[in-house]
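Before any comments, here is the structure.
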Amino acid sequence: MSSDSVPTEPSDFIRDLVARHVTEQRYPKIVTRFPPEPNGYLHIGHAKSICLNFGIARENAGQCNLRMDDTNPAKEEVEYVESITTDVQWLIAGWADHCLGLKPKGATPAAQTVNGQPDFHLAPADQSKFQNPNSKIAVEPFFASDYFDQLHGYALTLIERGLAYVCDLSPKETDEYRGAPDRPGRDSPYRHRPVAENLDLFARMRAGEFPDGARSLRAKIDMASPNVWLRDPLLYRIRHTAHHHTGDVWCTYPLYDYAHCLSDYLEGITHSICTLEFVDHRALYDWILGALDLPRPLPHQYEFAKLNLGYTIVSKRRLLQLVQEKIVTGWDDPRMPTLSGLRRRGVPAAALRRFVTGVGVTKFDSLTDVAVLEHAIREELNAAAQRRLAVLRPLRLVLTNLAPGEKVECAATNDPQSELPTTRQIALTREVWIESEDFAEVPPPKFFRLKPGGEVRLKYACIIKCDEMVKDAAGHLVELRCTADLTTRHGQPNADKKVKGTIHWVSAIEGVEAEVRLYDRLFTVPEPAAEEDFLKVVNPKSLEVVTAKLEPALAAARPGELFQFERLGYFTPDAKESAAGRVVFNRTITLRDTWAK
RNA sequence: UGCCCGAUGGUGUAAUGGCAGCACAGGUGACUUUGACUCACCUAGUCAUGGUUCGAAUCCAUGUCGGGCAGCCA
């Protein structure tokens with residue numbers, strides 16, 4: 001299947017629901033959001049969420065806002081804001097760019113009146129203006145921290161309505177009072193403070209009069225609720241910490257449950273899609289929005305199962321550990337399942353989208369076989385990659401019937417999958433490199449490649465016969481001496497002569513050398529996250545570096561270009577460590593190999 | 001022993017009361033100047049028990065198994 005014949009539009013229970021809402025004309029426009037916390041790099045698990053949220057937007061002529069869910073200044077950094085923005089744009093490029101919700105830099109929700117009621121709204125921005133390359137408008141993602149003023153105002157409303165109170169319990173005491181899932185909690189002694197006192201204390205919290213953790217603002221719901229998230233959850237905590245986006249304006253910060261539903265509302269989100277662990281929070285999401293009597297339609301939360309991938313860790317905390325303990329070279333190490341790692345490794349964004357579509361969206365907690373990802377990558381690369389010849393582990397082969405300076409020009413196909421394939425010239429010379437694996441002195445059964453006295457075709461060139469092995473004093477094979485039958489070249493009388501095997505080769509005269517990094521899976525077990533210590537199952541052979549022999553055209557390869565080294569796999573120049581005149585190649589993935597099995 | 005969510009081949013999913021289908025993986029063969037790609041064929045499934053129904057993967061009941069929830073993380 002070629003990359004332009006991607007299967008039909010996906011369907012799943014969330015898309016079905018959205019389709020129903022569209023039919024009912026429940027909303028003027030479908031607006032979703034992708035809300036990462038900028039405390040780490042995006043990974044393949046996020047790709048599922050991104051493709052779902054942007055997919056729904058593009059299938060319904062809607063919009064998907066990129067929003068930094070940045071309510072915890074202790075963990076968040078600008079570095080992550082930047083990487084997240086880059087990664088999202090890369091993943092959706094050419095597919096859902098037109099649905100990407102960004103906003104003019106610095107924009108915050110505007111006050112308005114709806115049905116006679118005061119309201120705030122950060123209206124969907126006109127994306128077409130931003131997409132004009134001549135646009136002078138600086139844009140940025142949405143930030144939950146841009147709503148701190150409005151969030152504070154809503155908190156005052158809740159206090160005034162007797163629906164929130166300032167609590168003086170310490171974190172430890174709060175825990176004790178909350179009870180347990182099978183045991184009801186007890187009311188805080190501060191639960192019935194008068195409104196005026198709550199207002200005063202909340203103002204003083206904001207003014208910085210109290211140390212971290214001394215007081216909190218809590219919703220007044222039900223300490224006996226079977227849903228622990230409804231047992232007077234915290235809305236605000238005190239943190240004397242500067243924030244990456246708001247600086248030192250605030251020392252009180254809202255918590256996720258309070259900030260998220262209201263951020264959705266302020267942006268006019270219609271469908272707030274998150275993962276299963278938030279199912280229990282939905283009651284709180286609805287309670288907060290319901291308690292405020294907001295004038296516009298309320299967003300609703302829907303949940304799906306996050307991605308689990310075999311032989312892979314998909315957890316920001318553990319990924320950070322791999323980086324910090326230098327098990328990998330960074331967040332963008334090509335072995336990492338981060339979007340930046342996959343990109344650097346040579347995985348096209350379209351392959352990730354294809355993969356995610358194949359996995360589907362359900363509420364079942366599953367473990368997807370890596371083979372599904374690998375298949376999606378090969379499908380995409382088979383259509384996109386230019387073919388080249390390279391030898392990873394060279395063995396010298398001398399064609400004894402060719403003169404030392406002789407060059408036999410051969411036409412090699414660049415793009416066999418294309419309707420009008422193009423070719424390039426490569427020169428066959430007296431000395432060439434072949435893959436050492438392609439010769440066996442004692443061949444196993446059904447071995448198609450070169451063996452003593454055997455024949456094999458050099459791809460794009462001619463059939464050769466192995467006459468002699470040359471070994472060193474220690475008995476190691478150092479060279480093969482063969483005879484080339486030039487009459488079996490393309491266009492020659494014996495071109496159609498059949499041999500069982502065809503192997504790749506590189507001219508020892510014209511070829512160039514380059515570092516090639518061969519990657520394997522990072523973990524040795526299918527479910528590293530289930531391990532007591534996942535660092536113990538790191539694959540010690542996840543990276544092998546070789547000096548390969550490449551056909552000369554490869555010396556000019558640029559980052560972003562995708563190649564298939566024939567019979568070996570897909571490779572791409574490393575964008576970070578390649579320099580002019582010194583290309584470093586990353587192996588994205590091997591070719592499927594049914595012989596090795 | 002509280003609340004919530006879920007269970008379809010080895011894996012991931014579809015079937016929305018009416019023929020259990022697709023993809024991946026695995027196997028066999030064809031093709032092949034990539035042991036790739038492509039093509040053909042094969043293997044293999046409704047958690048259990050009861051009920052409703054002409055008819056149940058689907059609805060109901062009970063059970064079993066798995067996952068989530070007790071951060072001033074998101």
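Below, read A as the first sequence line, B as the second, and so on, with proteins coming before strands; counting in each chain starts at 1. As a basis for the values below, the full set of heavy atoms in this structure was taken, side chains included, without hydrogen atoms, waters or symmetry mates.
Ring stacking holds between A/Trp595 and B/G35, with the centres under 5.5 Å apart and the planes within 30 degrees of each other. Residue ring and base: A/Phe364 does not count as stacked with B/A7 (centre distance below 5.5 Å and interplanar angle below 30° not both satisfied).
The listed nucleotides are B/A25, B/U13, B/U33; the one nearest the side chain of A/Thr362 is B/U13. Checking B/U33, B/A70, B/C73 against the side-chain heavy atoms of A/Lys459 singles out B/U33 as nearest. Here B/C37 is the nucleotide among B/C37, B/G2, B/U33 with the atom lying nearest to any side-chain atom of A/Gln417. The side chain of A/Pro181 lies closest to B/G2, out of B/G2, B/G68, B/C24. Picking from B/C37, B/G35, B/C73 the nucleotide with the shortest atom distance to the side chain of A/Arg449 gives B/G35. For A/Thr594, whose side chain is taken as the heavy atoms from C-beta onward, the closest listed nucleotide among B/G35, B/C24, B/C69 is B/G35. For A/Lys498, the side-chain atoms get nearest to B/U33 when compared with the rest of B/G68, B/G2, B/U33.
Base orientation at B/G66 is anti, since its O4'-C1' glycosidic dihedral falls outside 90° of 0.
Comparing B/G21 with B/G29, their C1' atoms sit 25 Å apart, to the nearest whole Å. Between the C1' atoms of B/U11 and B/C3, the separation comes to 31 Å (whole Å). Taking atom P on both B/G17 and B/C73, the two are 46 Å apart, rounded to the nearest angstrom. Nucleotides B/C60 and B/U52 place their P atoms 15 Å apart, quoted to the nearest Å. Across B/A7 and B/A48, the matching P atoms stand 14 Å from one another, rounded to whole Å.
The aromatic rings of A/His245 and A/Phe143 sit parallel to each other, their planes meeting at less than 30°, with 60° as the upper class boundary. Relative orientation of the A/His281 and A/Phe278 rings is perpendicular, given thresholds of 30° and 60° on the angle between their planes. The aromatic rings of A/Tyr302 and A/His21 lie tilted to each other, with the angle between the two planes from 30° to 60°. Under the 30°/60° scheme for interplanar angles, the aromatic rings of A/His46 and A/Phe34 are found to stand perpendicular.
One finds a side-chain N or O of A/Arg237 lying less than 4.0 angstrom from the OP1 or OP2 phosphate oxygen of B/A74. Between A/Arg178 and B/C72 there is a side-chain N or O to OP1 or OP2 distance below 4.0 Å. For the pair A/Ser11 and B/A14, the criterion of a side-chain N or O lying under 4.0 Å from OP1 or OP2 is not met. Distances shown here put a side-chain N or O of A/Ser366 below 4.0 Å from the OP1 or OP2 atom of B/U13.
Side-chain to base pairing of A/Arg457 with B/U33: one donor and one acceptor N or O lie within less than 3.5 Å of each other. Between the side chain of A/Asp280 and the base of B/G68, a donor-acceptor pair under 3.5 Å is found.
When atom types are taken as modelled, the side chain of A/Lys220 and the backbone of A/Arg191 share a donor-acceptor pair closer than 3.5 angstrom. No side-chain donor-acceptor contact under 3.5 Å links A/Asp415 to the backbone of A/Arg387.
Using a 4.0 Å heavy-atom distance criterion, A/Ile503 is classed as making no nucleic acid contact.
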